[in-house]
Amino acid sequence: MMVAADPCPGALPDTVDPHHTAQGGFSVSRQLLTVSPDEPGGFRTIEEALSAARTGSVIRIRPGRYAESLVIRTRVTIVAEREQGSVEICPRSGTAVMLLTDAVMLTDLTLRGGGDDVPVVDAAHGQVAMDGCTVAGSGWTAVLARGAGSLAMRGCRITNAEGAGIVDTADTGSFIEDCLIENLGTSAVVLGEKSRSTIRGCRLRDARGNGVLANGEAQGTIEDCHISTTSKPAIALEGESASRILRTTVHDCAVGVYVTSGSRPVLEDVSVSDITAGPGIVLASGADPLLRRCRTIRTKENGLAVTERSRGTFEDCEFTESAAPAIKVTGSSSPTLRTTTVRECADASASVLLTDDSLAEFDRLEVVDATGTAIAIRSGANPLLRHATVTAPGRAGVEITDDGRGRLENCVVEKAGAAGVRLAGGANASFRDCVFRSAADAGVAVDSGGLGIMQDCEVSGSGASGVAVSEGGQLTMTRARITGSGAHGVLLSAGARVTLDACELVGSLGDGIRVDTVEPVSVLGCAVRDNRGAGLRQPRPGGRLTVRDLDSSGNAVPDSWGGEAAQEVAGAPDRADAAAPEPAGPLAELESLIGLQGVKRQVRTLVNLNQLSQRRARLGMPVPPMSRHLIFAGPPGTGKTTVARLYGGILADLGVLRSGHLVEVSRPDLVAQYVGGTAIKTTEAFTEALGGVLFIDEAYTLFSEGKSSSNDFGREAIDTLVKLMEDHRDDVVVVAAGYTHEMQAFLSANAGMASRFSRTIEFANYSVE
C-alpha cells in the first residue's frame with residue numbers, strides 16, 4: 001500500500017457511478033469528463049478537458065495517441081478508460097506532464113518525452129501520483145521531483161535510453177513502490193540535495209550508470225529492491241548522503257556498493273553477487289558507513305575494499321568466492337569488523353590483505369578454505385585481531401612481512417598448507433593465547449627480518465618443526481606449549497636469536513630444541529620431554545646459549561650442548577669438565593666413528609652429489625634426477641642404524657631434508673595380520689618419517705616371509721612402500737638394511753624396487769685388528 005495520501009480524495013475509477021450517497025444521507029457528486037477525439041459528446045483533447053475541469057474531477061481518456069504537453073493547474077485524476085497502456089501521451093517537444101497544483105493522479109497511462117532534453121514528468125510543485133503507468137524518457141531524466149514537488153509511484157515502468165530514470169532533489173519525501181526501472185543511459189534512481197525518498201520493492205536493471213546514486217545531503221531509503229546489470233556501482237553513496245539501504249540484492253554489476261559519503265549511511269541485509277569488473281563493496285575518501293549482515297559472493301576483485309583513510313563498522317558480514325583478496329584494507333584506513341566470515345577466496349596471495357599503514361580491528365574473523373595465505377599483513381599495517389579462526393588455507397595461515405605489525409589475541413590457525421604463522425622482512429607482531437595446529441610446515445616460522453613476541457600460545461601437530469627461526473629472525477616465547485612436531489620442537493638456524501621462557505616441548509620426532517645459531521639464545525625454565533631426539537641439542541658448541549632450570553626427561557637421545565653457554569641446569573654436572581668436545585655436526589660425527597672407511601667414502605660421495613645438485617639449481621641449470629634411497633647391506637652390529645641416523649642429519653644440514661629425524665621399523669611395524677591392515681600400518685610409519693629417514697631393519701623379511709603364505713601381506717607392504725616413495729621422493733629417504741644376499745632378493749621382489757634403491761652401501765664385519 002502506498003504511503004502517500006491519495007492526491008485526489010474521493011476520485012472515482014471509471015467503473016464507479018459518479019453519484020454516491022454518503023452514510024450521512026447527502027449526495028456527493030464528482031465531475032466526470034471524457035476525452036475522445038472521434039466520438040461526439042467528449043473533449044477532443046486532454047488540454048480541453050483540463051481547462052473545463054473543477055478540483056477533484058476525473059478525466060477518462062479513450063484509447064489513442066495524444067500529442068500533448070500537459071500543464072496541470074487543477075487537482076484532477078487522469079485515467080485510461082480501458083486497459084493499461086491503451087492511452088499514450090507523447091508531445092512532439094517538451095514535457096508530457098508538468099504539475100503546478102497540489103496533486104494529480106495518473107493511472108494506466110503511457111507517457112513519452114518529446115525531442116527536447118527535458119523530463120517526461122516534472123513534479124515541480126505538489127505530488128504526482130502514478131499507478132500502473134509507463135514512462136519512456138529521451139532526455140537527461142524520465143521523471144523529476146524538485147522544489148516543492150514529490151512523487152507517489154506504484155506498479156510503474158520507467159525507461160530512458162538517454163539518461164536517468166528518476167531524479168529526486170526535493171525534500172518533500174517521494175515514495176516509489178513495486179516499479180520496474182530499466183534500460184537507462186545513466187543511473188536508474190538519483191537522490192540528490194536533501195531528498196528523503198523511499199524506494200521500495202523496485203527492480204532496477206540495465207543502467208549504464210548506477211542503480212542508485214545518492215549524493216548531496218540525501219537521506220533516502222532503498223529497501224527490498226533488486227538491482228542488476230549496471231555499468232557503474234549498483235549503489236553509490238556520495239557527498240554527505242546518509243541514505244539507508246535495506247534488504248536489497250545486487251548482482252551482475254560492474255561494482256556492487258561504492259561509498260564515499262562523509263555522513264553515516266547504513267546498509268543492512270544487502271547481498272552483492274556476481275560482480276563482473278571490480279569489488280563487491282568499496283569504501284573511499286574517508287567514508288564511515290555502518291553495514292550489518294551484508295554479504296558478497298563471486299566478485300571479480302575484492303569482496304570488501306576499504307581505502308583512502310576510510311573507517312566503517314561491519315557487523316555479521318560475509319565475503320565468499322572472491323577472485324582477489326576477499327577483504328583488503330589499505331591507505332591508512334581503520335575499519336572495525338565484528339563477526340566476519342571469509343570463504344573460498346581464490347587469491348593465492350591473501351584472503352584478507354591488510355596493508356599500507358592501515359589499522360583494522362577484527363573481532364571474531366573466520367577464514368575458511370583459502371586458496372593461498374589466509375591473512376597477510378604488510379607495508380606498515382598494524383591490525384588488532386581477536387578470536388580469529390583460520391581453517392585449511394592453501395598456504396600460510398597468517399603471514400606478516402614488509403614492516404607489517406599487529407596484535408593477535410585468542411586466534412586459532414588449523415591445517416595450514418604451509419606455516420601456521422610466518423614473520424619476515426621487518427615484521428614486528430605479538431601473539432597472546434593463540435593456537436597453531438596441524439600446519440603442513442612449521443607451526444611458527446620466523447624468517448629473516450621477522451620479530452615476534454608470543455605469550456601463552458600452543459603449537460601442535462606441525463608437519464615440520466613446531467617453531468623454526470631462520471637467520472635474521474628474532475622470537476620471544478613465554479609459556480608456550482609445542483607438541484607433536486614432525487621434526488624438531490624448536491629449530492634455531494644459524495643467525496637466529498630466540499628466548500624461550502617457561503615453555504614446554506613434548507613429543508617431537510626430532511629434538512625438543514635444536515640450536516644451530518651462535519647468536520644469543522636463552523632457554524629459561526623450560527621442559528623438554530618425550531622427544532625422539534635430544535631434549536636440547538647444540539650440534540656445534542659455541543655461541544651465546546644460556547640455559548637455566550631445564551627439565552629434560554624421556555627423550556630418546558641424551559642432551560648435547562655446551563661451548564660458551566652459561567650452564568645452570570638443575571642437578572646437571574658442569575660441562576666445562578668434559579674430557580673432550582663432541583664432534584661438530586653429523587658429518588664430523590660420522591668421520592669420528594671407528595672403521596667403516598668404505599661407508600664413509602660412499603657417504604662423502606653422496607654429500608658431494610647433493611651439493612652439486614644444489615649449486616646447479618641455484619644457477620638455474622638442469623638437475624638430473626637422483627634417488628637418495630639406499631640399501632645398507634651387511635650383518636647385524638656393523639653400525640647401519642647409526643650411519644642412517646647420521647645420514648639423515650647430514651641431509652638436514654644440507655637443506656635436502658626438513659628435519660633429518662630417524663624412524664626405525666621392521667616387519668611387525670609394517671605388516672598386519674588381516675586384509676587391508678598392512679597398507680594402513682605401512683602408510684602410518686612412512687608418514688611419520690616424512691622430512692627424515694625411514695630405516696627398515698631386516699627389510700628382506702617383508703619378501704621372504706610372505707612367499708610361503710597364502711596371504712602375502714609382506715608383498716603388500718613392499719607395493720605400498722614403492723608407491724609412497726614415488727609420491728614423496730623429495731621429502732624422505734628410505735634406507736633398507738639386511739644381509740647382503742637376502743637384500744638382493746628384496747630388490748627383486750617388486751619391479752620398481754631396484755630403480756628406487758640405486759645405490760648399495762656394504763657394511764663389512766669388524767676385524768680383530
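Residues L408 and V398 form a side-chain contact, since some pair of their non-hydrogen atoms from C-beta on lies under 4.5 Å apart. Using a 4.5 Å heavy-atom cutoff, the side chains of H488 and S508 are not in contact. The shortest distance between side-chain heavy atoms of E361 and R386 falls below 4.5 Å. Using a 4.5 Å cut-off on side-chain heavy atoms (C-beta onward), I235 and V250 make contact. In this structure, the side chains of P289 and V266 stay at 4.5 Å or more apart for every pair of heavy atoms. Side-chain contact between I281 and L291 is present, with at least one heavy-atom pair separated by less than 4.5 Å. In this structure, the side chains of R196 and D171 come closer than 4.5 Å at one or more pairs of heavy atoms. The closest side-chain heavy-atom distance from N210 to Y258 is not below 4.5 Å.
A salt bridge links R293 to D269: one of the charged nitrogens lies within less than 4.0 Å of a carboxylate oxygen. Between D288 and R264, at least one side-chain N (NZ, or NE/NH1/NH2) sits under 4.0 Å from a carboxylate O, which counts as a salt bridge. Ion pair R422/E399 flagged as a salt bridge, since at least one NZ, NE, NH1 or NH2 atom sits closer than 4.0 Å to an Asp/Glu carboxylate oxygen. In summary, R479 and D456 engage in a salt bridge, as defined by a charged side-chain N under 4.0 Å from a carboxylate O. A salt bridge between R529 and E504 is present, with a side-chain N of the basic residue lying under 4.0 Å from a carboxylate O of the acidic one. Using a cutoff of 4.0 Å between basic side-chain nitrogens and carboxylate oxygens, D224 and R247 are scored as salt-bridged. With respect to the salt-bridge test (charged N to carboxylate O, under 4.0 angstrom), the residues R658 and D731 qualify. Using a 4.0 Å cut-off between charged nitrogen and carboxylate oxygen, D516 and R514 count as a salt-bridge pair. Looking at R343 and D369, no side-chain N of the basic residue comes within less than 4.0 Å of a carboxylate O on the acidic one, giving no salt bridge.
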Should R157 and E182 be marked as a salt bridge (charged side-chain N to carboxylate O under 4.0 Å, His left out) after you check the CA-CA gap, both sets of side-chain angles, and the distance that decides it?
CA-CA 8 Å; R157 177 175 180 262; E182 63 178 349; 2.7 Å; yes

For V421 and M454, run side chain to side chain contact (heavy atoms under 4.5 Å, CB included): C-alpha distance rounded to whole Å, both residues' side-chain angles, the deciding distance at 0.1 Å, then the answer.
CA-CA 11 Å; V421 59; M454 295 189 166; 3.8 Å; yes

Derivation of the side chain to side chain contact (heavy atoms under 4.5 Å, CB included) call for V212 and L204
CA-CA 8 Å; V212 174; L204 290 67; 3.7 Å; yes

Please test L505 against I513 for side chain to side chain contact (heavy atoms under 4.5 Å, CB included), starting from the C-alpha separation and ending with a verdict.
CA-CA 8 Å; L505 302 101; I513 304 171; 3.8 Å; yes

Worked check of side chain to side chain contact (heavy atoms under 4.5 Å, CB included) between L500 and V490
CA-CA 10 Å; L500 303 175; V490 173; 4.2 Å; yes

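Closest approach of T313 to R338, counting heavy atoms only: CG2-NH1, 3.5 Å.
Under the side chain to side chain donor-acceptor pair (under 3.5 Å) rule, S379 has a single partner from D402, D403, T401, which is D402.
In this structure, OG in S271 is found 9.5 Å from CD in E318, a value given to the nearest 0.5 Å. Between atom CD1 of residue I400 and atom CZ of residue R405 there is a gap of 11.5 Å, rounded to the nearest 0.5 Å. In this structure, NE2 in H387 is found 5.0 Å from CZ in R364, a value given to the nearest 0.5 Å. Considering CZ of F314 and CZ of F362, their distance stands at 9.5 Å, rounded to 0.5 Å.
In this structure, R311 places its CZ atom where only 12 or fewer heavy-atom neighbours from other residues, nucleotides or ligands lie under 6.0 Å away. Remark: E409 CD is packed, more than 12 non-hydrogen atoms of other residues, nucleotides or ligands lying under 6.0 Å away.
Under the ring-ring contact (aromatic ring centres under 6.0 Å, His included) criterion, H251 pairs with H226, not counting sequence neighbours. Not a single salt bridge (Lys or Arg N to Asp or Glu O under 4.0 Å) links E301 to another residue, sequence neighbours left out.
Between the side chains of D501 and T499, no donor-acceptor pair is found at a separation under 3.5 Å. Using modelled atom types, one finds a donor on one side chain and an acceptor on the other under 3.5 Å when comparing T229 with D206. Judged purely by distance below 3.5 Å, without hydrogens or angles, the side chains of S241 and S243 pair a donor atom with an acceptor atom.
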